[in-house]
Structure formats: C-alpha cells, structure tokens
> 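One structure coming up, written as structure tokens, with questions to follow.
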Amino acid sequence: GDSANVSISISDISSENIKDKGGDMLRARVTANGSWASIMKTLIGIENMPYAVLVNDLRISTGGGDVSVPTKSSTNRWSISLTVRVLANK
C-alpha cells in the first residue's frame with residue numbers, strides 16, 4: 001500500500017483444502033484506489049508475489065473525469081478490484 005501510494009483493502013477471506021496439491025488455497029478479495037500508475041504497480045506486485053498466485057475477476061474503473069489513455073501524470077482516481085487465490089502449502 002504505502003510503497004505504491006495506494007489505498008488497499010482485503011475482504012472475503014476464505015480457505016479451501018486442495019488435497020492433490022498438499023495444502024490450502026487461500027482466497028481474498030482485494031480492492032485498491034489511487035492513480036493509474038499506483039494501481040498498476042499494485043497489480044504487478046500481486047502478480048509477482050513469491051507464491052503460486054491466481055488472479056480472477058479483475059476490474060479496473062475510474063472515479064470520473066476524462067477516461068482517455070492514462071499517463072504517469074494522470075490525476076484521475078482509479079479503482080481496481082480482483083480475487084486473489086494463493087496456494088499455502090502445509
């Protein structure tokens with residue numbers, strides 16, 4: 001959150017035993033708000049976690065204003081929401 005200059009919340013946390021994988025699959029809903037660059041940095045960080053990570057139901061939206069091609073200097077507020085599934089080995 002702080003390193004990406006973005007507000008992050010995590011909700012709907014659950015786990016599912018995956019017997020053939022030898023562990024649990026943890027699932028969480030992640031939402032983040034910030035500039036275009038900030039939410040992209042957050043998404044890249046999630047995708048590059050040092051775990052087996054699956055990202056599902058990815059949605060990106062803007063809080064209003066011009067929805068033209070975003071740039072690093074864009075001042076629009078953006079939101080991202082996604083479901084993350086992580087294999088947690090026992």
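Hydrogens, waters and symmetry mates are skipped; everything else that's a heavy atom, side chains included, is used.
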> Look at the side-chain heavy atoms of Ile, Leu, Val, Met, Phe, Trp and Tyr, link any pair under 4.5 Å apart, and say whether Ile60 and Ile46 land in one connected group.
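Looking at the clustering, Ile46 is in the same group as Ile60.
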> Under a 4.5 Å cut-off applied to non-hydrogen side-chain atoms, are Leu43 and Leu58 in contact?
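Result yes, sub-4.5 Å side-chain heavy-atom pair found.
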> Closest heavy-atom contact between Ile39 and Ala32?
CG2-O, 4.2 Å
> With Ile13, which residues qualify under side-chain contact (heavy atoms from CB on, under 4.5 Å), at least two apart?
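For Ile13 the side-chain contact (heavy atoms from CB on, under 4.5 Å) partners, ignoring immediate neighbours, are Ile10, Ala28.
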> Would you give the length of the straight line joining atom CG of Asp24 to atom OG of Ser14, rounded to the nearest 0.5 angstrom?
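It is 10.5 Å, given to the nearest 0.5 Å.
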> Which atoms form the tightest heavy-atom contact between Gly34 and Val6, and what is the distance?
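Shortest heavy-atom separation between Gly34 and Val6 comes out as N-CG2, 4.0 Å.
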> Please enumerate all residues that pass salt bridge (charged side-chain N to carboxylate O under 4.0 Å, His left out) together with Asp57, with sequence neighbours excluded.
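Only Arg29, Arg59 meet the salt bridge (charged side-chain N to carboxylate O under 4.0 Å, His left out) criterion with Asp57.
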> Identify the two heavy atoms, one from Trp36 and one from Trp78, that lie closest to each other, and give their separation to 0.1 Å.
N-CD1, 3.4 Å
> Measuring from Ile8:CD1 to Ser38:OG, what's the distance to the nearest 0.5 Å?
9.5 Å
> Any side-chain heavy atom of Met49 sitting closer than 4.5 Å to one from Val86?
yes
> Taking only residues two or more places apart in sequence, or in another chain, which ones meet Thr31 in a side-chain contact (heavy atoms from CB on, under 4.5 Å)?
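Testing Thr31 for side-chain contact (heavy atoms from CB on, under 4.5 Å), a comparison that skips the adjacent residues, returns Ser9, Ser81.
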> So, taking the atom named OG in Ser15 and the one named CZ in Arg27, what distance separates them when rounded to the nearest 0.5 Å?
10.0 Å
> Arg85 and Asn56: which non-hydrogen atoms are nearest, and at how many Å?
CD-ND2, 3.6 Å
> Do Leu26 and Leu54 share a hydrophobic cluster, counting only Ile, Leu, Val, Met, Phe, Trp and Tyr and linking them when any side-chain heavy atoms are less than 4.5 Å apart?
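Per the 4.5 Å side-chain linkage, Leu26 and Leu54 are not co-clustered.
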> Applying side-chain contact (heavy atoms from CB on, under 4.5 Å), name anything that partners Asn48, two or more places apart in sequence or on another chain.
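With neighbours one apart ignored, the set is Ile44.
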